[in-house]
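Just below is one structure, and these are the notes that go with it.
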Amino acid sequence: MMSRIAAVVVVLIGLYISLGILNLSKTLTSLLATAGVAGLAIGLALQNTLSNTVAGISLSFREKIQIGNWVETNGHSGEVMDINLKEFVIKEADNNIVILPNKMILENPLKIIL
């Protein structure tokens, strides 16, 4: 993920510099304004998806939450089966699988039973 972000940043910086060298300041201004509006529209449209993705990244860096731990959260308790960018998967004692959005895990208390 970091390499893709870095590649996009490098391409955008190269585009910015090349348009500046060619003295296309109006094109550059129009391009930046369009990118700003497009970024705002995409950000609003993907707000829930992006919040779950950011929450998934945050959960992946927490050392205390690991696959195999027994947890209680949002009225569910069970063994953590998977933590990915979108969802938190718990297997309850009666073998039911509960899939919770990562955003819910960060917003509500999470009890880890050791």
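In terms of hydrophobic clustering, with Ile, Leu, Val, Met, Phe, Trp and Tyr side chains grouped at heavy-atom distances under 4.5 Å, L85 and L59 are assigned to different clusters. In the hydrophobic clustering of this structure, V71 groups with I83; members are Ile, Leu, Val, Met, Phe, Trp, Tyr whose side-chain heavy atoms approach within less than 4.5 Å, directly or through other members.
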Contacts under 3.5 angstrom, residues 33-51 side chains, donor-acceptor by atom type, not counting sequence neighbours:
{"from": "T34", "atom 1": "OG1", "to": "S30", "atom 2": "O", "distance (Å)": "2.8"}
{"from": "S51", "atom 1": "OG", "to": "Q47", "atom 2": "O", "distance (Å)": "3.3"}
{"from": "S51", "atom 1": "OG", "to": "N48", "atom 2": "O", "distance (Å)": "2.8"}

Could you give the side-chain donor-acceptor pairs of residues 106-114 under 3.5 Å, partners two or more places apart or in another chain?
{"from": "N108", "atom 1": "ND2", "to": "N74", "atom 2": "OD1", "distance (Å)": "2.6"}
{"from": "N108", "atom 1": "ND2", "to": "M104", "atom 2": "O", "distance (Å)": "3.1"}

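Annotation: the span from N102 atom CG to L100 atom CG amounts to 9.0 Å, rounded to 0.5 Å. With values rounded to the nearest 0.5 angstrom, N84 atom CG is found 10.0 Å from N52 atom CG. Atom CD1 of residue I99 and atom NE2 of residue H76 lie 11.0 Å apart, to the nearest 0.5 angstrom.
M81 and I67 get closest at one heavy-atom pair: O-CG2, 3.6 Å. The two atoms that bring I65 and F88 nearest to each other are CG2-CE1, 3.9 Å, heavy atoms only. The minimum heavy-atom distance linking K103 with A55 is given by the pair N-CB, 3.8 Å.
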Walk me through whether T73 and I105 qualify under side chain to side chain contact (heavy atoms under 4.5 Å, CB included). CA-CA 7 Å; T73 183; I105 302 299; 3.7 Å; yes

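In this structure, E92 and V98 have side chains that are in contact, with non-hydrogen atoms separated by less than 4.5 Å. For the pair I90 and I97, the minimum side-chain heavy-atom distance is 4.5 Å or more.
Listed by first then second residue, pairs satisfying side-chain hydrogen bond (donor to acceptor under 3.5 Å, both in side chains) with a partner in residues 61-71 number zero, not counting sequence neighbours.
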